[in-house]
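A short write-up of the structure that comes next.
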Amino acid sequence: MQEKLNQTEKDFKQDLTTKSGFDLKVKYLGRKNGLVTNLMKELATMNEADKKQWGPEINRLKKNVEEALEKMTTGEKQTDGSFDETLPGLELQTGTLHPITQITQELSNYFTAMGFMVLDGPEVESEFFNFEALNVPAWHPAREMQDTIWTEQPGVLLRTQTSPVQIRSMLKYGAPLYAVAPGRVFRYEATDNRHDHTFYQLEGLVVDENISVANMNAFLKLLVEKIVGDKIKMRIRPGYFPFVEPGVEVDVECAVCHGKGCGLCKGTGWVESIGAGMVHPQVLAYGKIDPKKYSGFAFGVGLNRLAQLKFGFEDTRMIHQNDLRFLKQF
Ligand code: PHE
């Protein structure tokens with residue numbers, strides 16, 4: 001009996017550091033097979049002399065166990081002092097939306113408020129939508145402008161731009177059409193501060209009667225103001241894209257260096273942010289819209305650049321590095 005008592009006491013002390021209060025209660029005081037309960041049952045069957053000898057011992061053990069469990073549930077200190085209960089607990093971390101998500105949502109809301117549809121398109125795209133229907137046949141030198149990641153299936157690629165959604169939306173909805181399409185695009189590029197193989201664009205398309213270059217310019221100005229505020233300078237200069245005529249590029253004054261020249265703006269003080277232009281009549285025709293009746297403009301916003309301008313960071317690759325030190329800042 002003495003041995004049993006010692007063993008039970010020893011086990012209990014050890015279990016105390018590893019088991020939950022509930023498990024301890026079941027194991028030692030459980031009505032059916034609790035170790036202490038069984039000792040009590042045994043006590044009841046003993047003769048008077050044994051009862052006298054072991055009764056106090058067994059009762060002492062029972063009391064100890066009960067007291068320890070009581071302390072445990074009231075949260076009183078149990079251990080030998082090696083655990084410092086005054087240390088702060090684990091902090092619950094709240095996440096934030098990724099800068100690209102924030103910009104995408106903000107712009108989508110903005111365009112929705114102006115009556116635009118927000119669309120998406122496939123990231124694995126056909127050569128037809130990504131190039132041919134955008135006025136870039138296989139022999140066209142403009143294919144070189146975008147180093148493409150092809151799949152093993154002929155004619156199937158990772159879209160190099162969100163512009164294929166222009167064609168898809170024209171085919172699906174016809175004119176008049178007011179739509180934006182944010183999304184991920186891919187290019188086979190050497191990466192640096194300003195280039196990544198995977199990045200984000202927002203495509204915009206307006207097709208209606210009597211849409212002019214003046215409408216486009218006014219719209220681009222509004223867009224830049226919305227994105228970076230009206231304090232920041234912008235400029236519109238000619239640019240070449242095969243699916244628009246005329247085509248323009250919109251530069252925004254660098255938000256990191258404010259025009260002085262830095263890594264983000266390659267020392268020029270300006271950051272290319274938007275490509276745009278009047279939709280080429282041939283492209284409207286590919287979208288089964290009558291170019292004699294309708295005209296329109298399209299624009300593509302580089303969301304990585306925009307995030308860099310808005311939040312002021314120099315390396316576009318941060319966007320995909322999942323570095324919490326970076327992400328927590330936004
Ligand atoms: N798709 C073009 C690019 O990725 C940008 C663009 C979109 C230009 C729409 C004009 C009109 O470079």
Side-chain angles (χ1 to χ4, degrees), residues 100 104 107 111 116-123 125-136 140-149 157-170 177-189 194-207 211-213 215-221 223-224 227 234-252 270-284 286-287 289 291 295-307 316:
I100 292 289
T104 305
L107 287 179
F111 283 108
F116 281 62
M117 291 187 281
V118 179
L119 306 175
D120 64 13
E123 291 176 352
E125 186 52 283
S126 75
E127 189 177 359
F128 174 77
F129 285 114
N130 195 84
F131 287 130
E132 256 145 60
L134 291 166
N135 260 352
V136 191
H140 199 291
R143 286 259 174 136
E144 300 278 302
M145 288 165 77
Q146 302 176 350
D147 291 306
T148 307
I149 300 173
L157 47 83
L158 299 188
R159 65 176 179 186
T160 58
Q161 49 190 348
T162 44
S163 303
V165 186
Q166 286 185 32
I167 309 294
R168 287 181 176 277
S169 61
M170 286 191 277
L177 182 60
Y178 293 76
V180 290
R184 192 153 53 163
V185 303
F186 311 85
R187 291 193 198 171
Y188 187 64
E189 298 227 33
R194 301 148 27 91
H195 300 92
D196 210 344
H197 46 73
T198 301
F199 56 101
Y200 299 82
Q201 294 185 331
L202 179 130
E203 193 79 12
L205 180 63
V206 169
V207 180
I211 300 286
S212 70
V213 176
N215 294 141
M216 173 178 77
N217 286 352
F219 190 87
L220 289 172
K221 193 158 175 283
L223 184 56
V224 170
I227 293 166
M234 66 176 279
R235 66 180 186 191
I236 299 180
R237 61 186 166 82
Y240 173 68
F241 302 98
F243 38 91
V244 289
E245 180 59 34
V248 299
E249 289 200 38
V250 182
D251 298 337
V252 175
W270 296 96
V271 181
E272 283 172 27
S273 306
I274 306 176
M278 300 303 291
V279 182
H280 195 289
Q282 184 60 46
V283 173
L284 289 174
Y286 272 118
I289 288 178
S295 57
F297 61 85
F299 52 92
V301 187
L303 294 185
N304 291 45
R305 293 279 161 81
L306 213 73
T316 195

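Each ligand, and each atom within it, is numbered from 1 in the order the structure gives. Just so it is clear, the values below take in all heavy atoms, side chains as well, and ignore hydrogens, waters and symmetry mates. Counting from 1, the numbers follow the sequence of the chain as shown.
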Query - Test of proximity, Thr160 against ligand 1: N or O pairs below 3.5 Å - result: no
Requested in this report: Taking only heavy atoms of Ser163 into account, list the atoms of ligand 1 that are under 4.0 Å away from them.
Outcome: 1 (N), 7 (C)
Query raised in the report: Just by distance, do the side chain of Arg235 and the backbone of Glu249 share a donor-acceptor pair under 3.5 Å?
Result: no
Query - Arg168/Glu203 ion pair, N-O < 4.0 Å - result: no
Report summary line: For Gln166, the ligand 1 atoms with a heavy-atom partner under 4.0 Å come out as 9 (C)
Query raised in the report: Do Gln201 and ligand 1 have an N or O pair less than 3.5 Å apart?
Result: yes
Requested in this report: Determine whether more than 12 heavy atoms belonging to other residues, nucleotides or ligands lie under 6.0 Å from atom OH of Tyr188.
Outcome: no
Query raised in the report: Nearest protein heavy-atom contact for atom 6 (C) of ligand 1: which residue, which atom, what distance?
Result: Gly275 O, 3.7 Å
Query - Heavy-atom donor-acceptor pair, Asn304 side chain to Tyr200 backbone, under 3.5 Å - result: yes
Query raised in the report: For atom 5 (C) of ligand 1, what is the nearest protein heavy atom, given as residue, atom name and distance?
Result: Phe241 CE2, 4.0 Å
Report task. Would you please determine whether Phe297 falls within less than 4.0 Å of ligand 1 on a heavy-atom basis? Result -> no
Report task. Anything under 30° is parallel, anything over 60° is perpendicular, the rest tilted; go ahead and classify Tyr240 against His140. Result -> parallel
Query raised in the report: Charged N to carboxylate O under 4.0 angstrom, Glu127 versus Arg143?
Result: yes
Requested in this report: Tell me which protein heavy atom sits closest to atom 7 (C) of ligand 1, plus the residue, atom name and distance to 0.1 Å.
Outcome: Gly300 N, 3.3 Å
Report task. Indicate yes or no for a side-chain donor-acceptor contact from Ser295 to the backbone of Ile211 under 3.5 Å, with no hydrogens or angles considered. Result -> yes
Report task. Please verify whether a non-hydrogen atom of Arg187 lies at under 4.0 Å from ligand 1. Result -> yes
**Report entry** Subset of ligand 1 atoms that lie under 4.0 Å from at least one heavy atom of Gln161
**Finding:** 1 (N), 2 (C), 3 (C), 4 (O)
Query raised in the report: Among the heavy atoms of Gly247, does any lie under 4.0 Å from an atom of ligand 1?
Result: no
Query raised in the report: Among Asp251, Ile274, Val250, which residue meets the side-chain contact (heavy atoms from CB on, under 4.5 Å) test with Ile236?
Result: Val250
Query raised in the report: With a 4.0 Å heavy-atom cut-off (strictly under), which part of Phe243 contacts ligand 1: side chain, backbone, both or neither?
Result: side chain
